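Here the structure comes first, spelled out in structure tokens, and everything after it is commentary.
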Amino acid sequence: MERKITDTIYYAGVKDTTLDLFEGQYPIPDGVTYNSYVIMDEQTVIMDTVDHRAAGEWLEKVKAVLGTKTPDYLVISHMEPDHGGSIQVLTEAYPQMKLVGNSKTFQMLEQFFTIDNLENRKVVVKEGDSLELGSHVLKFFMAPMVHWPEVMVTYEESEKVLFSADGFGTFGISPEEGEWIKDARRYYCNIVGKYGAPVQALLKKASALDIAVICPLHGPVLKENLGYYLEKYAIWSSYRPEEEGILIACASIHGHTKKAAEKLEELLKARGANVEFIDLTRTDLSRAVEAAFRYSKLVLAASTYDGGVFPPMEDFLHHLSAKALQNRKVALMENGSWAPLALKTMKGILEKMKNLSFCENSITIKSAMNEENIRQMEQLAEELLKD
């Protein structure tokens, strides 16, 4: 029998350790889980499916939980293929089973699949609707743009379980392996990060519920210290820094810019600053974006390239813009041997973002760091620590 969440709710998810890039771009060296749940009652419900690549293993797990029972409903929280990818397989295995979703769910469903007798199998729900199963009652709350427009979450009233869709999810393969925060921050910032306002709206709805268990679509089921997870989401979704500190993100061609950025790091640490240094030419962008969300201040150091800024920095800034990073103080450092333009290019991108403030001191290096540059760095270090 599969692992129990409660006496009547079972985990039927699967682990995928064969996928190297989540959504085709985020490295997942520890894999990812596709979570699915089964509620056993007078009427039986499957909560979401899994990616098509794990359909066979998942369906066997579902059948092991159901035994001789036939599911009455499939609740579809999210149509993204890592969760909705096995809907067709399940509907064919259980042709009498009904599908529960909102109007947008079914618009997307018909774009992905052709389901036999779909019109007669639909159960269309809206905000606040309930579905009684016997001793369990499911209540549905819409969560549009967290992070697709059709997303909804489900609250089971009798056992106080929130099925949170992608909310509170994380990379990694097992609830038993590693700390939730290790990849949850990177997961949130890169996948959900743009949608802070919708997440805040969902958190407001969740605050009115008595929640004992959170069941996300990726990563561990959360049963203890739920305030910790809710607080992290409140911080991330309001674009507040998670901790006071400075991220130095550097993009250097031949090493001179990096050497200067490392000197600034040395000066800041000597003054007691909390500093993290990232080489954008060597670090995956998803980890760099995560770090930018974490700290209160950014130092961006980059070489001039083709009359603009070195592409690793440009890519990083465009990612920050796309994820709506805001409420940060930014310092700029550029290098250019004959026509330094990295600072102008970086600032042009950053000025289109919300609620950023810029240090008065900036640094221009011409080829290699000199004593005047070091003096300027000392002034910049003082300014960064002044607050």
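Computed from a prediction, not measured in an experiment: that's the story for all the values here.
- Shown here are the salt bridge (Lys or Arg N to Asp or Glu O under 4.0 Å) partners of Lys160, two or more places apart in sequence or in another chain: Asp210.
- Residues passing the ring-ring contact (aromatic ring centres under 6.0 Å, His included) test with Phe310 are Tyr305, sequence neighbours excluded.
- With sequence neighbours left out, Ala331 forms a side chain to side chain contact (heavy atoms under 4.5 Å, CB included) with Val299, Cys359, Leu380, Leu384.
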Give the table of side-chain donor-acceptor pairs shorter than 3.5 Å for residues 312-324, with sequence neighbours excluded, one pair per line with atom names and distance.
| from | atom 1 | to | atom 2 | distance (Å) |
| --- | --- | --- | --- | --- |
| His319 | ND1 | Asp315 | O | 2.9 |
| Lys323 | NZ | Asn190 | O | 2.7 |

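- Checked against ring-ring contact (aromatic ring centres under 6.0 Å, His included), His147 has the following partners two or more places apart in sequence or in another chain: His78.
- Contacts classified as salt bridge (Lys or Arg N to Asp or Glu O under 4.0 Å) and involving residues 345-357 (residues at least two apart or in different chains) are not found.
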_Trace of the side chain to side chain donor-acceptor pair (under 3.5 Å) decision for Ser36 with Trp58_ = CA-CA 8 Å; Ser36 174; Trp58 167 73; 3.0 Å; yes
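- Listed by chain and residue number, Phe171, His218 satisfy the ring-ring contact (aromatic ring centres under 6.0 Å, His included) test with Phe22 (two or more places apart in sequence, or in another chain).
- For the salt bridge (Lys or Arg N to Asp or Glu O under 4.0 Å) condition, the pairs that include at least one residue of residues 252-272, sequence neighbours left out, are Lys258-Asp279, Lys263-Glu266, Glu265-Lys269, Arg271-Glu382.
- For Tyr155 (side chain) and Leu209 (main-chain N/O), no donor-acceptor pair under 3.5 Å exists by modelled atom type.
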Let me have the donor-acceptor pairs involving side chains of residues 89-96, under 3.5 Å, with sequence neighbours excluded, atom names and distances please.
| from | atom 1 | to | atom 2 | distance (Å) |
| --- | --- | --- | --- | --- |
| Thr91 | OG1 | Ile87 | O | 3.3 |
| Thr91 | OG1 | Gln88 | O | 2.8 |
| Glu92 | OE2 | Gln88 | NE2 | 3.1 |

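- Scored by the ring-ring contact (aromatic ring centres under 6.0 Å, His included) test, Tyr37 finds Tyr11, Phe163 as partners (sequence neighbours excluded).
- Residues satisfying the salt bridge (Lys or Arg N to Asp or Glu O under 4.0 Å) criterion with Lys139, sequence neighbours excluded, are absent altogether.
- For the salt bridge (Lys or Arg N to Asp or Glu O under 4.0 Å) test, no residue two or more places apart in sequence or in another chain qualifies with Glu244.
- Clustering ILVMFWY residues whenever any of their side-chain heavy atoms sit less than 4.5 angstrom apart, transitively, puts Tyr188 in a cluster other than the one holding Leu217.
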